[in-house]
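We name chains A, B, ... by the order of the sequence lines, and we start the count at 1 in each one.
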2 protein chains.
Amino acid sequence: MLEKTTKRKANANLHVYIARSIGERILGGEFVPGEILPNEAQWGKAFGSSRTAVREALKTLTAKGLIASRPKIGSRVQPKIQWNLFDRDVLDWHHAAADRHDFLNSIQEVRHMIEPGVAELAALKRSPAQLERVLQAWNGMKTAKNLEHTVAADVEFHEALMAAANNALIVPFGIIIEKALGNLFDFTTQRNDRHTEALKMHGAIVKAVTARNGPAARKAMTVLLNDTDRLIEVTINPQAKAKPKTPKKTIQSDRT
Amino acid sequence: MLEKTTKRKANANLHVYIARSIGERILGGEFVPGEILPNEAQWGKAFGSSRTAVREALKTLTAKGLIASRPKIGSRVQPKIQWNLFDRDVLDWHHAAADRHDFLNSIQEVRHMIEPGVAELAALKRSPAQLERVLQAWNGMKTAKNLEHTVAADVEFHEALMAAANNALIVPFGIIIEKALGNLFDFTTQRNDRHTEALKMHGAIVKAVTARNGPAARKAMTVLLNDTDRLIEVTINPQAKAKPKTPKKTIQSDRT
DNA sequence: CAATAAGTATTGTATGACAAATATGGTCAA
DNA sequence: TTGACCATATTTGTCATACAATACTTATTG
């Protein structure tokens with residue numbers, strides 16, 4: 001263990017690189033909660049760096065809730081409860097394929113809770129400029145040339161909607177959306193037939209938000225999410241074409 | 001500016017203290033997004049510390065999304081979008097009385113989105129041990145001797161419910177709940193008449209979760225939240241006894 | 001045997017030095 | 001005048017070394 005790691009991403013500072021390296025190994029399960037990491041000197045040797053750089057990296061990890069350090073003890077991996085899952089870095093490091101399906105499922109559950117409410121708030125509280133951003137994102141979806149552009153525009157659409165909700169606590173969910181749609185992008189294949197359908201559903205949201213119709217916005221978003229659920233089920237778990245999945249179903253009951 | 005700050009909390013490491021000091025001043029609006037902080041040497045002088053300690057503090061703030069540093073430029077306060085509002089420290093530093101009401105309102109909006117779904121998930125997916133924790137929290141509410149105990153038990157109740165939902169992304173909301181109920185604690189006066197009522201509403205949730213009745217759990221939680229809304233309105237904004245508040249009202253329509 | 005002291009490993013802090021990045025202003029040429 | 005280029009200064013980034021503070025482990029002592 002602790003073999004000298006290789007390719008350091010250019011442009012990144014050393015302590016950033018070290019933080020990412022260690023962070024990935026924690027998120028990947030190589031170091032489990034309660035376990036004590038190698039000490040700072042050992043990390044320094046492993047990365048061929050000074051203790052200073054290692055310490056700054058460890059402070060970063062501490063700030064994100066991944067570890068806690070104490071003299072004479074060392075740096076101990078914190079219980080997962082403490083991990084800051086709404087941190088973009090932490091989420092990026094969380095690419096262990098192991099529980100990918102479960103995690104994506106968790107994300108969808110949360111989206112079902114949040115996004116209908118977001119759509120409704122956006123419809124009610126949006127400013128003209130915020131509406132404009134939503135419209136432009138929708139336009140981006142319509143004119144997207146490939147799947148990558150489509151996903152980017154889709155993410156932008158949802159983030160614009162969140163911004164329009166005028167609630168500071170909603171903003172952090174943007175990274176969750178990115179993660180969800182990014183993962184979906186990984187799994188899904190080009191399927192242009194779905195594109196027009198998705199466009200229509202997003203259009204319904206746009207229409208409701210434009211008209212300041214809260215309940216309609218909520219409903220349109222719920223429809224969209226339910227459709228996404230089906231897509232996830234099919235792409236990730238192909239053999240389960242139409243399994244009812246009782247818990248999922250009841251959760252979806254956001255009917256207004 | 002930059003006068004030597006005083007009382008450093010014993011037990012806390014120097015870089016932790018420095019991070020909190022600067023963090024509070026950023027959250028308090030003393031340094032606004034886009035603004036460039038004093039450089040590391042200046043901070044060192046201000047705190048009577050070494051650059052090392054200052055740098056570790058700044059790395060902490062960087063990890064929480066509050067600042068970004070570049071050579072020759074300095075450390076610049078990030079746009080609020082980047083701030084990690086689901087970080088416990090950031091939330092603690094966010095005690096500027098200025099937008100307190102707005103922020104509490106944002107929290108309530110999010111609770112309305114999340115918690116009914118949480119209650120439903122908990123009812124459907126809880127383990128026996130997780131149910132036990134909920135029951136104990138409820139017991140704690142019943143036997144609480146003063147308002148402080150009541151609030152603590154109330155927080156524990158909601159966090160237990162979140163744990164029972166078995167969704168990793170839900171856990172971070174615990175700190176939001178703490179903040180909300182803590183603030184409520186600051187504003188509210190002892191009102192024992194409300195206590196029995198609150199107990200009853202929590203009891204309805206307990207009953208539904210015990211019976212694995214998802215929809216009932218959702219509904220009970222919605223009732224509780226609506227009541228909390230009224231409490232907040234009255235305690236914070238006493239003259240607005242029964243103002244309809246159209247946006248709020250429609251959001252509350254989580255009727256199943 | 002229990003309480004206390006000494007030893008020791010690890011993080012915390014300080015200091016000084018140099019490297020790397022980059023905004024700023026000045027120089028020179030077209 | 002204007003534009004490209006270059007030198008300079010400022011700030012963060014990294015390094016090396018030393019010592020302090022903390023808290024676990026072991027030895028010592030009553």
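- In this structure, B:N167 contributes its side chain and A:S106 its backbone to a donor-acceptor pair below 3.5 Å.
- The rotation axes computed at either terminus of the helix from C:dC1-D:dG30 to C:dA30-D:dT1 lie 10° apart, taking five pairs at each end and rounding to 10 degrees.
- What separates CD1 of B:I67 from P of D:dT12 is a distance of 10 Å, to the nearest Å.
- The CD1-P distance, from A:I73 to D:dC24, rounds to 4 Å in whole Å.
- Among residues two or more places apart in sequence or in another chain, the side-chain hydrogen bond (donor to acceptor under 3.5 Å, both in side chains) test is passed with B:K59 by none.
- In this structure, A:H15 places its NE2 atom 6 Å from P of D:dG13, rounding to the nearest Å.
- Taking the salt bridge (charged side-chain N to carboxylate O under 4.0 Å, His left out) definition, one finds that B:E159 meets it with nothing, sequence neighbours left out.
- For B:E56 and A:R55, the salt-bridge test passes: some basic side-chain N is under 4.0 Å from an acidic carboxylate O.
- Take B:Q130 and apply the side-chain hydrogen bond (donor to acceptor under 3.5 Å, both in side chains) test, not counting sequence neighbours, and it matches B:S127, B:N166.
- Atom CD in A:E40 sits roughly 15 Å away from atom C1' in D:dT14 (whole-Å rounding).
- Considering only side-chain N and O atoms, A:K59 lies under 4.0 angstrom from the phosphate OP1 or OP2 of C:dG12.
- Applying the ring pair (Phe, Tyr, Trp, His ring centres under 6.0 Å) criterion to B:H202, with sequence neighbours excluded, gives B:F157, B:H158.
- Using a 4.0 Å cut-off between a side-chain N of Lys or Arg and a carboxylate O of Asp or Glu, B:R20 and B:D89 do not qualify as a salt bridge.
- Atom pair A:E56:CD and C:dT13:C1' shows a separation of 13 Å (rounding to whole Å applied).
- The interatomic distance linking B:K45 (NZ) with C:dT15 (C1') rounds to 16 Å, in whole Å.
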Pick out the pairs of N or O atoms, protein on one side and nucleotides 15-21 of chain D on the other, that lie under 3.5 Å.
{"unit_1": "D:dC15", "atom_1": "OP2", "unit_2": "A:S50", "atom_2": "N", "d": "2.9"}
{"unit_1": "D:dC15", "atom_1": "OP2", "unit_2": "A:S50", "atom_2": "OG", "d": "3.0"}

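- Here A:R55 reaches the OP1 or OP2 of C:dG12: one of its side-chain N or O atoms lies under 4.0 Å away.
- B:R111 and B:Q108 share a donor-acceptor pair across their side chains, judged by distance under 3.5 Å alone.
- Note on A:R126 versus A:E132: no salt bridge recorded, every NZ/NE/NH1/NH2 to OD/OE distance being 4.0 Å or above.
- Rounded to whole angstrom, the span from the CZ atom of B:R70 across to the P atom of D:dT10 amounts to 19 Å.
- Between the CD1 atom of A:I36 and the P atom of D:dC24 there is a distance of 10 Å, rounded to whole Å.
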